[in-house]
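To keep things clear, I will list the structure first and then write my remarks on it.
Note that these values count all heavy atoms, side chains included, but never hydrogens, waters or copies made by symmetry. Model, not experiment: these values are computed from the prediction.
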Amino acid sequence: MAKLIINLRKYERNLHFLSDLLHQEDRTIMAVTKVFCADQHLVDVINATPIEYIADSRIANLKKMKTSKSKVLLRIPALSEVDQVIDCCDLSLNSEFKVIEALSLEAKKKGKTHRIILMFDIGDLREGIYYDSIDYHQIKRIKNLPNIQIEGIGTNITCYGGVIPSVSTYRKLVEIKTEIEHRLNLKLKIISGGNSSAIPMLKRRELDPFINNIRIGEAFALGRETAYGETIEGMADDAFLLSAEIIELKEKPSMPEGELGLDAFGNPVSFIDRGIMMRAILDVGKQDVDPSDLIPPDGVEILGASSDHLLVWIKEGQVKLGQNLSFKLTYGGLLRLATSPYIEKIYENL
């Protein structure tokens with residue numbers, strides 16, 4: 001059975017390395033747990049740090065996790081789930097007035113005050129009120145809703161549109177902050193200015209101090225920023241590894257024989273003639289992870305995958321049947337593997 005090897009100590013070091021850097025600049029942090037399905041072993045590592053918030057996109061994850069930190073719902077709530085949001089979340093990211101109005105009614109009914117961050121789209125075209133068409137009268141109505149507290153504003157960058165954080169991009173958020181505070185006579189506590197893609201600006205000391213909160217998932221888990229996909233110096237990029245066993249090892253041609261049609265997923269196929277090669281099959285497949293999200297060890301090239309088989313070319317080195325190969329992961333790879341019920345999780349504390 002293929003395994004997801006989770007090194008708790010390396011994850012802890014990543015948490016401390018980056019959170020120390022952010023706290024030195026008086027920025028708070030939302031540690032995002034969705035990439036590993038809010039695994040309690042990893043939540044407990046976060047619990048032992050001074051990180052202020054734990055954030056996830058799935059209500060099911062927020063419900064099950066055990067923490068004394070403020071729980072944040074990252075994905076904007078659906079109208080159908082406002083009762084659950086009030087029950088299990090301290091804070092949520094929002095962009096729809098009707099949803100916030102429903103949150104207000106539910107919070108009032110349950111005798112709670114729910115805190116929100118209003119999300120603004122400054123060009124990446126995912127969630128948020130579009131920066132060029134803001135209705136400040138409606139934001140005033142939100143401020144006046146009972147049992148709702150506008151904790152701050154936020155934006156999301158580099159998740160859908162691939163927009164790289166920059167001084168000019170963030171200037172739009174500065175203007176929104178200034179307008180809201182002036183028009184509504186409201187001091188915003190949180191300015192949540194993005195995610196792991198903001199780290200290059202932070203390291204270059206170009207991230208404006210007005211952005212006082214960052215939501216971080218990938219950088220903590222994989223030691224990688226998301227603007228350029230570079231490993232962050234001083235952080236581990238191997239806290240999570242896929243370990244898959246070689247279940248077949250044979251020399252075979254590189255070209256199939258016979259008339260070619262579609263593969264098992266209905267896609268056309270093409271091959272390059274590389275002669276006879278040492279081919280290994282590993283016990284993991286597309287049902288668990290997209291092979292493009294695996295980073296193979298030196299001397300190994302990924303050829304492709306079916307539902308349950310990963311095919312690789314052993315270009316260099318000696319391997320044997322029954323041996324395990326370890327792969328580093330992209331964010332998408334970790335997300336899929338952590339979700340798959342067919343992948344065993346192994347925890348290390350080295």
Side-chain angles (χ1 to χ4, degrees), residues 27-35 38 46 51-63 65 67 69-104 106-107 112-131 134-135 138-139 141-143 145 147-161 163 165 169-170 172-173 176-177 180 184 186 188-198 210-218 220 226:
R27 304 182 206 265
T28 61
I29 303 157
M30 294 179 184
V32 179
T33 59
K34 63 181 181 179
V35 72
I46 299 169
I51 288 170
E52 295 83 0
Y53 306 89
I54 288 189
D56 206 290
S57 294
R58 307 286 178 164
I59 289 178
N61 287 345
L62 291 163
K63 278 183 178 178
M65 72 169 61
T67 184
K69 297 182 185 294
S70 292
K71 292 182 180 181
V72 182
L73 178 62
L74 283 179
R75 186 168 66 183
I76 51 176
L79 274 172
S80 59
E81 59 190 16
V82 294
D83 57 332
Q84 299 177 75
V85 176
I86 299 302
D87 284 340
C88 73
C89 307
D90 302 295
L91 186 64
S92 62
L93 278 51
N94 286 268
S95 63
E96 288 286 353
F97 177 76
K98 286 185 178 180
V99 173
I100 300 169
E101 192 174 41
L103 288 168
S104 168
E106 189 68 22
K112 296 182 177 183
T113 296
H114 186 68
R115 295 176 285 153
I116 66 169
I117 290 177
L118 283 176
M119 295 297 286
F120 291 88
D121 182 348
I122 58 175
D124 199 63
L125 300 181
R126 207 178 76 171
E127 80 275 33
I129 302 163
Y130 194 59
Y131 78 97
I134 299 172
D135 184 346
Q138 191 171 72
I139 296 174
R141 289 173 65 195
I142 294 170
K143 179 193 173 187
L145 287 171
N147 301 77
I148 289 291
Q149 178 180 321
I150 300 177
E151 192 86 346
I153 62 173
T155 194
N156 198 55
I157 306 177
T158 330
C159 268
Y160 172 73
V163 173
T169 298
Y170 279 131
K172 300 170 186 174
L173 199 61
I176 293 167
K177 171 186 181 291
I180 288 177
L184 277 67
L186 175 67
L188 297 170
K189 179 182 176 183
I190 294 176
I191 311 298
S192 190
N195 48 41
S196 298
S197 66
F210 94 97
I211 295 171
N212 60 16
N213 175 268
I214 303 291
R215 309 181 300 276
I216 298 177
E218 180 164 352
F220 284 149
T226 57

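- No more than 12 heavy atoms of other residues, nucleotides or ligands shown are found within 6.0 angstrom of OH on Tyr160.
- Residues Ile129 and Asp121 are not in side-chain contact: their nearest non-hydrogen atoms beyond the backbone lie 4.5 Å or more apart.
- A cation-pi arrangement is absent between Lys69 and Tyr53 under the rule of less than 6.0 angstrom and at most 45 degrees off the ring axis.
- Within a 6.0 Å sphere centred on CZ of Arg115, heavy atoms belonging to other residues, nucleotides or ligands number more than 12.
- Atom CD of Glu96 and atom CD of Glu127 lie 11.5 Å apart (nearest 0.5 Å).
- Between Phe120 and Ile180 the shortest side-chain heavy-atom distance falls below 4.5 Å.
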Quiz item: Is there a side chain to side chain contact (heavy atoms under 4.5 Å, CB included) between Lys71 and Leu91 once you walk through the steps?
Solution: CA-CA 6 Å; Lys71 292 182 180 181; Leu91 186 64; over 6 Å; no
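- The two atoms that bring Ile148 and Ile142 nearest to each other are CG2-O, 4.3 Å, heavy atoms only.
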Practice problem: Would you sort out whether Thr33 and Asp56 count as a side-chain hydrogen bond (donor to acceptor under 3.5 Å, both in side chains), showing the intermediate values? | Solution: CA-CA 6 Å; Thr33 59; Asp56 206 290; 2.6 Å; yes
Practice problem: List the steps, then state whether side chain to side chain contact (heavy atoms under 4.5 Å, CB included) holds for Asn195 with Ile214. | Solution: CA-CA 6 Å; Asn195 48 41; Ile214 303 291; 5.6 Å; no
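- Taking CD1 of Ile153 as the reference point, atom CE of Met119 lies at 10.0 Å (rounded to 0.5 Å).
- We find the SG-CG distance between Cys88 and Leu73 to be 7.5 Å, quoted to the nearest 0.5 Å.
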Quiz item: Between Ile76 and Val99, is a side chain to side chain contact (heavy atoms under 4.5 Å, CB included) present by the stated rule, with each step listed?
Solution: CA-CA 9 Å; Ile76 51 176; Val99 173; over 6 Å; no
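- Under the 3.5 Å distance criterion, the side-chain polar atoms of Asn213 are left unmatched by any main-chain donor or acceptor of Ile191.
- Of all non-hydrogen atoms in Tyr170 and Phe210, the two that sit nearest each other are O-CZ, 3.8 Å.
- A donor-acceptor distance shorter than 3.5 angstrom exists from the side chain of Thr158 to the backbone of Val163, with no hydrogens or angles considered.
- Remark: Lys112 NZ is packed, more than 12 non-hydrogen atoms of other residues, nucleotides or ligands lying under 6.0 Å away.
- The distance from the CD1 atom of Ile150 to the CG atom of Leu184 is 6.5 Å, given to the nearest 0.5 Å.
- Scanning for side chain to side chain contact (heavy atoms under 4.5 Å, CB included) contacts around Glu52 gives His23, Thr28, Ile29, with sequence neighbours left out.
- Closest of all the heavy-atom pairs between Ala55 and Leu74 is CB-CG, 3.6 Å.
- Two residues are said to be in side-chain contact when any heavy atoms from C-beta on lie closer than 4.5 Å; Ile100 and Leu118 meet this criterion.
- A donor-acceptor pair is defined here as one N or O able to donate and one able to accept, closer than 3.5 Å; such a pair exists between the side chain of Glu81 and the backbone of Ala78.
- Between Met65 and Ile54 there is a side-chain heavy-atom pair separated by less than 4.5 Å.
- Across all non-hydrogen atoms, the minimal contact from Leu79 to Ala102 is CD2-CB, 4.0 Å.
- The closest side-chain heavy-atom distance from Met30 to Ile117 is below 4.5 Å.
- When all heavy atoms are compared, the tightest approach of Glu218 to Ser196 is N-OG, 3.7 Å.
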Exercise. Please report the C-alpha distance between Ile59 and Val85 in whole Å, then the side-chain angles of each, then the deciding distance to 0.1 Å, and finally whether the side chain to side chain contact (heavy atoms under 4.5 Å, CB included) criterion is met.
Key: CA-CA 7 Å; Ile59 289 178; Val85 176; 3.8 Å; yes
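- The structure places OG1 of Thr155 at 10.0 Å from CZ of Arg126, a figure rounded to the nearest 0.5 Å.
- In this structure, Arg27 and Ile211 have side chains that are in contact, with non-hydrogen atoms separated by less than 4.5 Å.
- Asn94 has its side chain within reach of Leu103: a pair of non-hydrogen atoms, C-beta onward, lies under 4.5 Å apart.
- Of all the heavy atoms in Thr226 and Ser197, the pair that sits closest is OG1-N, 2.9 Å.
- In this structure the side chain of Leu188 reaches within 4.5 angstrom of the side chain of Lys177, judged on heavy atoms.
- Here Glu151 contributes atom CD and Ser192 contributes atom OG; the two are 11.0 Å apart, rounded to the nearest 0.5 Å.
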